[in-house]
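All ligand and atom numbering here is 1-based and tracks the order in the structure.
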Amino acid sequence: MIKKCLFPVAGYGTRFLPATKSMPKEMLPVVNKPLVQYGVEEALDAGLHEIGFVTGRGKRAIADHFDVSYELEHQIAGTDKEKYLESIRAVISKGSFSYTRQSEMRGLGDAILSGRRLIGDEAFGVVLSDDLCVAADEGVLAQMVRLYKQFRCSIVAVQEVPEDQISKFGVIAGDPIKDGIYQVTNMVEKPEPKDAPSNLAIIGRYILTPDIFEIIENTPPGKNNEVQLTDALMTQAQNGCVLAYKFKGTRFDCGSVAGFVEATNFVYENIYNK
Ligand code: G1P
């Protein structure tokens, strides 16, 4: 049903300089796997096998990562090192990978709009790979796809955050529909704590219906003079319905050094060594 997932990966990764000077931040390894591969695996596990990247300059390593390296395969085939290639081989065989460029950095809304040709006229997932999500059984996107089947409208993943963190996020207000599901009534991008409509912050997982593209086209630049997906979703909520879903799982903010280290420790102890 939902087959496609968009990954906006054009960002500079300034907070990780100098590491990200010539390497995409999405390729930074959390233990032994690049950050973006965790997101792609989550999408594949949710049944979203057509992966689209909205890239920018200096991001070619991502395309090389999701392609066969014949040299490496030739070197490693039949040796005891083959096990190290298992996860990426599985990803490459399950998914198809397409790329388009965002020529100017004009915000997340604009990045999504740049991916329109890769998506067409169908509902799709969005993963912001800076947010690494770990769930006990079912991945966060898979949980959201299940919800989409029931409600057929755009869905944003949310979690409660402390007041001093709220201005880093898009924040929603909503009417509870049932346990952990809200119909969105308000949405504000990175509000001051005093203006935040609640403590429910959007994290980087979305299911979007394709009417979002036209809405984004008609959305003027907002916070930080960027075209905000949050503003477009607010319009969608006013015109119809957007849901917010309190997902089951843990999210690590790998866009910050502290969050990245936390994720690394968690993955090392709970996933890599298991
Ligand atoms: C983006 C969104 C924001 C959301 C956040 C989640 O912001 O604009 O609404 O809460 O991702 O990580 P960014 O962190 O890219 O500035």
ask   = Any N/O of Phe169 closer than 3.5 Å to an N/O of ligand 1?
value = no
ask   = Polar-atom distance check: Ile203 versus ligand 1, any N or O pair below 3.5 Å?
value = no
request  = Classify the contact between Asp130 and ligand 1 as side chain, backbone, both or neither, using a heavy-atom distance cut-off of under 4.0 Å.
outcome  = neither
request  = Please indicate, with yes or no, if any protein heavy atom is found under 4.0 Å from atom 15 (O) of ligand 1?
outcome  = no
CD1 on Ile216 to OG on Ser114, rounded to 0.5 Å = 9.0 Å
How close does the nearest protein non-hydrogen atom get to [atom], and which residue and atom is it?
{"atom": "atom 7 (O) of ligand 1", "result": "Lys190 NZ, 3.3 Å"}
{"atom": "atom 1 (C) of ligand 1", "result": "Leu128 CD1, 4.0 Å"}
{"atom": "atom 5 (C) of ligand 1", "result": "Ile202 O, 4.0 Å"}
{"atom": "atom 2 (C) of ligand 1", "result": "Glu189 OE2, 3.6 Å"}

message = Test your reading of the model: is there a side-chain donor-acceptor pair from Glu226 to the backbone of Leu108, 3.5 Å cut-off?
response = no
Show which atoms of ligand 1 fall inside a sub-4.0 Å distance from at least one heavy-atom site of [X].
{"X": "Thr230", "answer": "9 (O)"}
{"X": "Asp131", "answer": "6 (C), 12 (O)"}
{"X": "Gly170", "answer": "3 (C), 4 (C), 9 (O), 10 (O)"}

inquiry  = Closer than 4.0 angstrom, basic N to acidic O: yes or no for Glu217 and Arg116?
reply    = yes
query = Mind checking whether Leu229 has a heavy atom under 4.0 Å from ligand 1?
reply = no
key: Residue pair Ser154 / Gln236, side-chain donor-acceptor N/O under 3.5 Å   = yes
inquiry  = Less than 3.5 Å apart, any donor N or O on the side chain of Gln75 or Glu71 sitting next to an acceptor on the other?
reply    = no
inquiry  = Counting only heavy atoms from other residues, nucleotides and ligands, does the tally under 6.0 Å from NZ of Lys149 exceed 12?
reply    = no
ask   = Should the ring pair Phe53 and Phe7 be called parallel, tilted or perpendicular, given that the plane angle runs from 0 to 90° and is split at 30 and 60?
value = tilted
task = Anything under 30° is parallel, anything over 60° is perpendicular, the rest tilted; go ahead and classify Phe266 against Phe252.
result = tilted
